[in-house]
Amino acid sequence: MVFKSSHADLAIPEVDIWTLLFERHEKEWKDDKELFIDGETGSAYNFTQLKSTALNFGKGLKSQWNWKKGDVLGIFSPNSIDYAPVVFGTLWAGGVCSTANPTYTVKELAFQMKDSRVKGIATQLAMLPTALKAAQQIGIPEDRIILIGHDRDPSGKHQHFTQLKSTSLLSLSYQTRVDPKKDLAFLVYSSGTTGLPKGVMLSHTNIVANVLQFSSAEKRSGLHCMGGQDGKGDKQLAVLPFYHVYGLTCILHATVWDGYQAIALPKFELEKACKLIQDYQVTFAYVPPPIILGFAKHPIVDKYDLSSLKWLNSGAAPLTKELVDAVWERLTIPTKQGYGLSETAPVTHMQSVLEWAKFKGSVGPLMANMEAKVVDLDGKELSVGEDGEIWVRGPNVFQGYLNRPELAKDTFSECGFFKTGDIGHSDAKGNFYITDRLKELIKYKGFQVAPAELEGILLGHSEIADACVIPAFDRERSEEVPRAYLVMKEGVPRTDEKAKELIDWVASKVAPHKQLRGGIRFIDEVPKNPSGKILRRVLKEQAKKEDRV
Ligand code: 4UV
């Protein structure tokens, strides 16, 4: 059967993101309301400042960099309030943003920047050395590396994004027109169901649709852009990284659309987060499960008054009912859940806070304009209560993987459903439950780890004959961690010391979230089917037994 959203369809306007957010917005809030606030320095952008800073940057791109429709800007930065004008200015100038994890190594960054053919990179001073090395490797001139954030380049070589000068040429002062349905706005990277990270092509319409779908779903959770104790309305902790699709749509875009305040932190530190919640009277936060765990269990939380929080929303990785209960018992704060993927821009399911206690463990119903199927391995449609792969269809579903048209036939069904690679079911009321994952992906703290990438690195080691990486489960921290099963070449010792040496060796080559935190297990043979495909499920089952999942 086809599951249809129980919410009335929304009219999705055929406009680009800039026009939606900055030109046709009937705002309820005043122009001087601060939208993005830097949690560390208190500096902020209100709507008017955000719009003018973004416009200046967009004009600077056109004047100084001869920016054309479809040109791609790499953004390699932790959360900063400057992320917003850089993204929206690039979109105004007809550009596309390729957003990268700020903890990437030179190699990882160079891979993404080359794959998405960036014309320049916006970064912060602390990441400048990595950005410069990556740029050099792929032939991007040094003057195309610009800075965002509070720090300036002491050598003066790299301009701050606000210093890009625009000429007074009239032709450069107009927004570059795009076709919202076809033209891309973002390239976010995901490994999809298999293999290495790939550029997920998100069009303007994909994002416009998801902002409206998401905004409409969240209105049911009682958010207001005005009012509250200080008249400033609801406020969120913006700790989800903006480079990741969850933070990109649900915070960076939704803040401008809905007029809530976002208090931005460059990285998550529990104590800082608690202090900001208390000081700013934060009312909601989108976070992954490990942060929920911190709120539920960490002693530091007791030092702060978190009573302003109306709810937390967990997403990006599985959340247990026990954790939802633990937060409630300790703080009397409801934890609701959402679900989505990079490929769906991202939200497809969202629980309302009215239903969190009734349907714990559920990711909620389909959002407006969405349909889903649950199918078995042969593609047969299943019905209520039956577990199978979840397929979804809607205006937020992406345009395919960059430079990989051959993947379309495995990614989409004949009638245009996107195959999520996640396993789950719907109950009779339309609430979905994610129960397992068919695809290879590992989620560490909500961040993607592609097993194929780690296997590629391991196979490059002279002592390793074969490798398979799967998700293991750290019970204490309640999270997935990558574990490697290795076949060693003859004569290589299979000892704890060797395992530690290899774990450190991998750590020196990858961003911190990809480290082999689940350890290494030595085996005689990687299980494979007759055609040589790795049978990951066999090792996943073995890991489940070992980890008592
Ligand atoms: O591509 P990605 O890294 O994307 C995300 C998106 C997370 C979102 C988006 C909107 C929300 O409102 C929200 O709450 C969370 O993480 O990874 C996609 C994969 O992450 C797993 C699942 O395997 C996806 O295919 N995943 C995402 N959310 C959940 C989840 C969840 N609630 N429970 C279990 N797994």
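When a ligand or atom number is given, it counts from 1 through the structure's own listing order. Only this structure's heavy atoms are used, side chains among them; waters, hydrogens and symmetry mates stay out.
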* Structure fact -> min-distance protein heavy atom vs atom 20 (O) of ligand 1 -> Lys443 NZ, 3.0 Å

* Output field: ring centroids Phe214/Tyr286 closer than 6.0 Å -> yes

* For ligand 1, which atoms, with element, lie under 4.0 Å from some heavy atom of Gln337? -> 31 (C), 32 (N), 33 (N)

* Flag for Asp115-Tyr189: side-chain donor and acceptor within less than 3.5 Å -> yes

* With atoms numbered from 1 as shown, which atoms in ligand 1 lie under 4.0 angstrom from a non-hydrogen atom of Gln448? -> 1 (O), 2 (P), 3 (O), 17 (O)

* Please check if any side-chain donor atom of Ser191 sits under 3.5 Å from a side-chain acceptor atom of Glu440, or the reverse. => no

* Asked: Of all the atoms in ligand 1, which lie at a distance below 4.0 Å from a heavy atom belonging to Arg437?
  -> 23 (O)

* **Atoms in ligand 1 flagged as close to Pro346, the criterion being non-hydrogen separation under 4.0 Å** => 9 (C), 10 (C)

* To do: Verify, without hydrogens or angle tests, whether Lys4 (side chain) and Val2 (backbone) share a donor-acceptor contact under 3.5 angstrom.
  => no

* Asked: When the aromatic ring centroids of Phe417 and Phe412 are compared, is their separation below 6.0 Å?
  -> no

* Atom indices of ligand 1 within 4.0 angstrom of Asn313 heavy atoms, with elements -> 14 (O)

* **N or O contact, Gly338 vs ligand 1, cut-off under 3.5 Å** => yes

* Should you measure from each heavy atom of Val363, which atoms of ligand 1 turn up under 4.0 Å away? -> 32 (N)

* Asked: Does the gap between the ring centers of His425 and Phe3 come in under 6.0 Å?
  -> no

* **Side-chain H-bond candidate by donor/acceptor type, Asp387 with Thr435, under 3.5 Å** => yes

* Asked: Are Lys373 and Trp391 in a cation-pi setup, meaning NZ or CZ lies under 6.0 angstrom from the ring centre and within 45 degrees of the ring axis?
  -> no

* Specify the protein heavy atom at minimum distance from atom 33 (N) of ligand 1: its residue, its atom name, and the distance to 0.1 Å. => Ala317 O, 3.4 Å

* Asked: Do the two ring centres, one from His349 and one from Phe432, sit under 6.0 Å apart?
  -> yes

* **Nearest-neighbour protein heavy atom for atom 15 (C) of ligand 1, which is reported as residue plus atom name and distance** => Ala316 N, 3.4 Å

* So how far is it from Lys27 NZ to Phe22 CZ, rounded to the nearest 0.5 Å? -> 9.5 Å

* atom 23 (O) of ligand 1: the protein heavy-atom neighbour that sits closest, reported with distance to 0.1 Å -> Asp422 OD1, 2.7 Å

* To do: Tell me yes or no: between the side chains of Gln399 and Asn206, is some donor less than 3.5 Å from an acceptor?
  => yes

* Identify the closest protein heavy atom to atom 3 (O) of ligand 1: which residue and atom is it, and at what distance? -> His244 NE2, 2.8 Å

* Asked: Would you say Glu343 and ligand 1 have an N/O pair spaced under 3.5 Å apart?
  -> no

* **Sub-6.0 Å ring centroid separation between Phe284 and Tyr260** => yes

* Asked: Is there a heavy atom of Lys439 sitting under 4.0 angstrom from any atom of ligand 1?
  -> yes

* Among protein heavy atoms, which lies nearest atom 10 (C) of ligand 1, and at what distance? -> Val347 CG2, 3.5 Å

* **For atom 1 (O) of ligand 1, closest protein heavy-atom neighbour** => Ser342 OG, 2.6 Å

* Structure fact -> In this structure, atom 13 (C) of ligand 1 is nearest to the protein heavy atom Tyr246 CE1, 3.3 Å

* Non-hydrogen atom of Gly421 closer than 4.0 Å to ligand 1 -> no

* To do: For Gly315, counting its heavy atoms only, list the atoms of ligand 1 lying under 4.0 Å from any of them.
  => 13 (C), 14 (O), 15 (C)

* **Contact with ligand 1 for Ser314, non-hydrogen, under 4.0 angstrom** => yes

* Would a distance-only check, ignoring hydrogens and angles, find a side-chain to backbone donor-acceptor pair under 3.5 Å from Glu371 to Arg393? -> no

* Atom indices of ligand 1 within 4.0 angstrom of Met350 heavy atoms, with elements -> 12 (O)

